[in-house]
Amino acid sequence: MSARLPNDAPRSTAQGRSRQHVDVACPQLLSSETWSFLGHHVERAFTRPGTWRPTLRRAVRRVTTEMEAVGAEPAMVRQALERSVLEHSACARHDRMLIVTRERYSDRVLAAMHAWAEADRSSTAPPAV
């Protein structure tokens, strides 16, 4: 009978901690904490496809609110959201083609993020007189 020594090296598992979102530089009008928060939820959208909508929605709301509070234009918010998805390492590893619709999974995530940002912007806009 051979005695095996325990391996103290960390194992890579799907259940492990997510990596920091250091792939993309943080936009100027956004805090690094919010950028990291968004990156975490973007990664979750790619690795857990069935459970990402409520948490990513919260992250998009946080980004939209913070950027608009410092005077960012809607185009800047859209660009930051696009960068957070398209330049994320999880997109490179886990993006796939959806068989039925023939669209990229990242396009579906971005469409949802843009719709949420637009809804947030329209709900906070002052009423027209």
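We number each residue from 1, following the sequence as shown.
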Open item on the list: Going by side chain to side chain contact (heavy atoms under 4.5 Å, CB included), name the residues that satisfy it together with R58, two or more places apart in sequence or in a different chain.
Closed with: T55

- [ ] Just jot down the salt bridge (Lys or Arg N to Asp or Glu O under 4.0 Å) partners of E118, sequence neighbours excluded, or say none.
- [x] R121

TODO: Not counting sequence neighbours, which residues clear side-chain hydrogen bond (donor to acceptor under 3.5 Å, both in side chains) with T34? List them please.
DONE: S31, R62, E66

Task: Between OG on residue S36 and NE2 on residue H41, distance to nearest 0.5 Å - done: 9.5 Å

Open item on the list: Show the nearest heavy-atom pair for residues H88 and G39, with the distance to one decimal.
Closed with: NE2-O, 3.2 Å

Task: Results of side-chain hydrogen bond (donor to acceptor under 3.5 Å, both in side chains) for W52 - residues two or more places apart only - done: Y105

Open item on the list: With heavy-atom distances below 4.5 Å as the criterion, would you say the side chains of L56 and H40 are in contact?
Closed with: no

Open item on the list: Please find the pair of heavy atoms, one from V42 and one from S84, that lie closest to each other, and give the distance.
Closed with: CG1-O, 3.6 Å

- [ ] Check S106 against F46 and note the closest heavy-atom contact, atom names and distance.
- [x] CB-CZ, 3.9 Å

Task: Minimum heavy-atom distance between L30 and W35, given as atom pair plus value - done: CD2-CE3, 3.5 Å

Task: Hphob cluster co-occupancy, M97 + V85, side-chain heavy atoms under 4.5 angstrom - done: no

TODO: Examine F37 and V60 and state if one hydrophobic cluster contains both, with Ile, Leu, Val, Met, Phe, Trp and Tyr joined whenever side-chain heavy atoms are less than 4.5 Å apart.
DONE: no

Open item on the list: Using the side chain to side chain contact (heavy atoms under 4.5 Å, CB included) criterion, which residues pair with S32? Sequence neighbours excluded.
Closed with: none

TODO: Kindly say whether A119 contributes a backbone atom to a donor-acceptor pair with the side chain of S122 at under 3.5 angstrom?
DONE: yes

- [ ] Could you check if a side-chain atom of P49 sits within less than 4.5 angstrom of a side-chain atom of R96, using non-hydrogen atoms only?
- [x] yes

Task: Results of salt bridge (Lys or Arg N to Asp or Glu O under 4.0 Å) for R53 - residues two or more places apart only - done: none

Task: Distance (rounded to the nearest 0.5 Å) between M67 CE and L29 CG - done: 5.0 Å

TODO: Begin with the C-alpha distance, continue with both residues' side-chain angles, and end with the deciding distance and a verdict on side-chain contact (heavy atoms from CB on, under 4.5 Å) for L98 and D107.
DONE: CA-CA 10 Å; L98 300 173; D107 293 339; over 6 Å; no

Open item on the list: How about CZ on R102, more than 12 heavy atoms from neighbouring residues, nucleotides or ligands closer than 6.0 Å, or not?
Closed with: no

Task: Under the salt bridge (Lys or Arg N to Asp or Glu O under 4.0 Å) test, residues paired with R104 that sit two or more places apart - done: D95

Task: Which atom of E103 lies closest to which atom of R108, heavy atoms considered - done: OE2-NH2, 2.9 Å

Task: Counterpart residues, side-chain hydrogen bond (donor to acceptor under 3.5 Å, both in side chains), relative to E82 (two or more places apart) - done: H114

TODO: For R57, enumerate each residue passing the salt bridge (Lys or Arg N to Asp or Glu O under 4.0 Å) test, keeping only those at least two apart in sequence or located in another chain.
DONE: D120

Task: From CD (E43) to CG (L38), nearest 0.5 Å - done: 12.0 Å

Open item on the list: E73: which residues meet the side-chain hydrogen bond (donor to acceptor under 3.5 Å, both in side chains) condition with it, sequence neighbours left out?
Closed with: none

